[in-house]
Structure formats: structure tokens, C-alpha cells
Amino acid sequence: MPPTQRTAVDILKILDKSNCKKCGCPTCLAFAALVVQGKKKLRECPHLNEEAIEALGGDVAKKEEKVEDRRDELFDRLKAEIPQVDFEEAAQRIGASVNDERLAIPCLGKVFELDRQGNLYSECHVNAWVHLPLLNYTVRSTGRELTGEWLPFGELEQAKDWARFFSWRCERGMKQIIDEDPDFFFDAMSLFSPSPVGQKTGKAFSTSDHAIVVYPMPRVPLMIAYWCADQEFESKLTLFFDRSAEVNLGAESIYLLTMGIVEMFTRIFSTHGLDLTGETPRGT
Ligand code: SF4
């Protein structure tokens with residue numbers, strides 16, 4: 001899957017626009033459109049250098065291909081482990097409860113339930129993006145208490161390999177959503193049961209214009225800190241996690257989960273058509 005933030009115009013800008021057809025497309029614009037759709041790779045244009053590919057997230061696309069390749073395998077492995085999980089013990093460990101033989105896990109203000117076979121149910125429709133991270137959280141989370149120490153994703157010890165990709169795919173994507181209308185975004189976040197950030201002193205987020213904490217998983221809070229643009233500087237966004245996040249979920253699952261949240265927010269906020277009961281924008 002290509003990075004969703006790239007547009008055909010972004011890509012066209014770096015092509016040499018000779019319409020030479022060496023990529024198999026009749027024009028550079030047709031090639032750009034197919035790259036956006038994930039049907040062509042930037043490297044198929046022989047005129048692009050590595051620097052240009054890098055600038056448009058080519059490495060991100062490669063990394064995502066690798067993640068996609070192993071996502072199904074990881075999903076099947078985790079699902080197969082669910083029947084061996086003691087739900088009562090897991091509920092204590094991960095901040096969930098047991099409801100009628102199902103593990104009920106709060107997620108962004110909704111409840112998602114896992115059955116003994118690892119199938120997922122929810123009061124809103126189930127999103128694929130949350131299923132794998134929830135399985136991982138249930139099977140592998142250590143249940144470490146929150147430390148109260150907020151770190152940018154890249155400062156989590158196991159996240160180093162993922163930091164660039166997280167920055168491109170997750171932080172850049174979420175910033176673009178918020179840039180459209182920051183006040184609306186942060187008002188609307190009340191739908192996801194946020195909690196206050198508390199005293200904003202002595203931390204990297206202390207100067208932010210907006211900062212909220214939401215809970216994609218009970219023991220994996222996510223802080224969204226946003227600095228509005230002014231005459232001198234562009235807007236800025238950093239996503240912070242509690243230091244315990246890497247042992248309560250793991251870097252790869254945090255990456256997948258946050259990517260899924262960004263995709264969900266993109267759909268919800270794309271036209272301000274906010275559906276208060278779930279993730280489906282009005283008018284779609
Ligand atoms: S190979 Fe590159 S320059 Fe040639 S048509 Fe395709 S995109 Fe355009």
C-alpha cells in the first residue's frame with residue numbers, strides 16, 4: 001500500500017514529464033495516478049533518482065510492503081494463540097473485563113470483544129486495523145503500569161527502526177488532518193473519551209497549543225500534541241506514548257495501530273461529516 005498522503009500532483013512534480021513511456025504508461029500523469037493507487041512503484045520510472053524517491057516516501061512504501069507481507073502471518077499466529085489465553089488473567093493484565101465468555105477491551109471510548117477463537121466484535125463495525133493490535137495486546141502485553149513519562153515514538157527503545165516511517169505515515173498524516181481545522185478536530189475528539197493532559201510543564205509538549213490523551217488500548221495511551229502555524233513557523237504535531245508502551249504493545253503494533261487511527265480519522269474528518277455513532281462519515 002502506498003503512503004496515502006501522496007497525491008498525483010506531488011508525484012508529477014518530480015517526474016521529468018517527457019512522457020517517454022519507459023515505465024509502460026502513456027504519460028507521466030498516468031504513471032503518477034497509478035503510483036497513488038498502489039499499482040505502480042516509483043522505481044519503475046528510470047529517470048527518478050534515489051533522493052527523489054526518498055523524498056516521496058519510497059522507503060515508507062517498501063517498509064509497508066514488508067509489513068503487509070508479514071501482517072497476515074502474524075495475525076494467524078496471534079489468533080491461534082487466543083484459545084490458550086486465560087481471559088480472567090488477561091483482563092487483569094490488560095485493563096479489560098470478561099463479559100459472557102468474551103474479553104471486553106475498551107478502545108477509543110468503544111468496547112471491542114474478543115471471543116475464544118480470536119474473532120472480534122464491536123458495538124460499532126469492526127475495523128481491520130484494530131484487530132491485529134488487539135490480538136497482540138491480549139497475547140503479548142506485559143500489563144506494565146503506566147510510568148507517566150511521555151516520549152515521542154522514536155525515543156521508545158524498540159522503535160528506532162520504525163521512527164522515520166512512523167513520522168512520515170502517522171504524524172505527517174495526522175497533522176494534515178488537523179491542519180484543516182484544528183479547533184474542530186480537538187472539539188470532535190471528545191467523542192473518543194479523551195482525558196486531560198495534566199500540568200503541561202517541563203515536557204516537550206508543554207508549549208503545544210492543543211494536547212489531549214486518548215486510549216486506543218487501556219494501557220497504551222496516546223497523546224496528540226499540536227502546535228498551530230504562525231507567521232514564522234509551520235504547524236507541528238508530535239505523538240507521545242508512555243514509556244511502558246513498547247512492552248504493553250510493541251513498536252510494530254503501535255505503528256500499525258496509529259496508522260489505522262490516522263486512516264479512521266481521515267475518513268471521519270474528510271468532509272466534517274462526523275458520524276457520532278461510529279466511523280462512517282455522513283453522506284457516504
Ligand atoms: S518513465 Fe518516467 S518520464 Fe517516462 S513516461 Fe514514465 S513516468 Fe514519465
Side-chain angles (χ1 to χ4, degrees), residues 1-75 127-129 132 153-154 159-181 185 229 233-239 251-273 279 281 283-284:
M1 183 171 30
T4 56
Q5 295 82 13
R6 293 180 301 182
T7 65
V9 174
D10 291 334
I11 292 165
L12 189 61
K13 278 180 193 161
I14 63 161
L15 299 177
D16 80 3
K17 302 179 196 64
S18 61
N19 298 329
C20 71
K21 302 185 179 61
K22 286 182 183 163
C23 58
C25 297
T27 63
C28 296
L29 181 59
F31 173 76
L34 290 175
V35 171
V36 168
Q37 292 167 30
K39 294 175 181 167
K40 283 277 183 189
K41 301 274 181 284
L42 286 171
R43 282 186 169 71
E44 290 178 61
C45 171
H47 303 294
L48 281 177
N49 59 30
E50 283 302 315
E51 201 178 37
I53 292 171
E54 170 81 8
L56 273 175
D59 279 2
V60 177
K62 272 198 293 182
K63 181 87 170 178
E64 286 180 356
E65 278 166 23
K66 282 188 199 155
V67 171
E68 291 273 333
D69 285 349
R70 52 184 242 101
R71 182 149 52 181
D72 289 350
E73 183 196 326
L74 180 61
F75 180 86
N127 287 290
W129 61 264
L132 189 148
F153 179 78
K160 303 227 173 347
D161 283 354
W162 294 87
R164 281 178 52 227
F165 308 105
F166 185 88
S167 171
W168 174 275
R169 190 70 165 85
C170 301
E171 291 180 317
R172 182 173 179 268
M174 195 171 297
K175 186 177 96 62
Q176 286 178 331
I177 298 166
I178 300 175
D179 283 346
E180 290 288 316
D181 190 340
F185 178 89
F233 297 105
E234 280 184 21
S235 62
K236 183 183 146 196
L237 174 135
T238 305
L239 299 176
E252 182 172 354
S253 272
I254 293 172
Y255 174 74
L256 290 173
L257 177 69
T258 314
M259 235 171 63
I261 291 173
V262 171
E263 280 173 23
M264 179 181 77
F265 285 174
T266 301
R267 283 191 289 142
I268 292 176
F269 292 100
S270 58
T271 59
H272 282 194
E279 296 87 359
T284 61

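Read the numbers this way: they start at 1 and go in the same order the structure lists the ligands and their atoms.
Contact atoms of ligand 1 toward S18: 3 (S) (distance under 4.0 Å to a heavy atom of the residue). Distances below 4.0 Å separate heavy atoms of K21 from the following atoms of ligand 1: 4 (Fe), 5 (S). Counting atoms of ligand 1 from 1 in the listed order, those under 4.0 Å from a heavy atom of F31 are 7 (S). Every atom of ligand 1 with a heavy atom of N19 under 4.0 Å away is listed here by number and element: 5 (S).
The nearest heavy-atom contact from the protein to atom 2 (Fe) of ligand 1 is C45 SG, 2.4 Å. Scanning all protein heavy atoms for the shortest distance to atom 3 (S) of ligand 1 gives D16 OD1, 3.1 Å. Among all protein heavy atoms, the one lying closest to atom 8 (Fe) of ligand 1 is C28 SG, 2.3 Å.
Closest non-hydrogen pair, G173 versus V262, comes out as C-CG1, 3.9 Å. In this structure, E171 and L237 approach most closely via the heavy-atom pair O-CD2, 3.6 Å.
In this structure, the side chains of F153 and I254 come closer than 4.5 Å at one or more pairs of heavy atoms. With contacts defined as side-chain heavy-atom distances shorter than 4.5 Å, the pair C25/K40 qualifies. Within the 4.5 Å cutoff, no side-chain heavy atoms of H47 are placed close to those of L15.
N19 and T27 are not linked by any side-chain donor-acceptor pair at a separation below 3.5 angstrom, with hydrogens and angles left out of the test.
Taking backbone and side-chain atoms together, C20 has an N/O/S atom less than 2.8 Å away from atom 4 (Fe) of ligand 1.
A centroid separation of less than 6.0 Å is found between the aromatic rings of F265 and F185.
Proximity annotation for atom 6 (Fe) of ligand 1: of C23, C25, P46, A30, C23 comes nearest, heavy atoms only.
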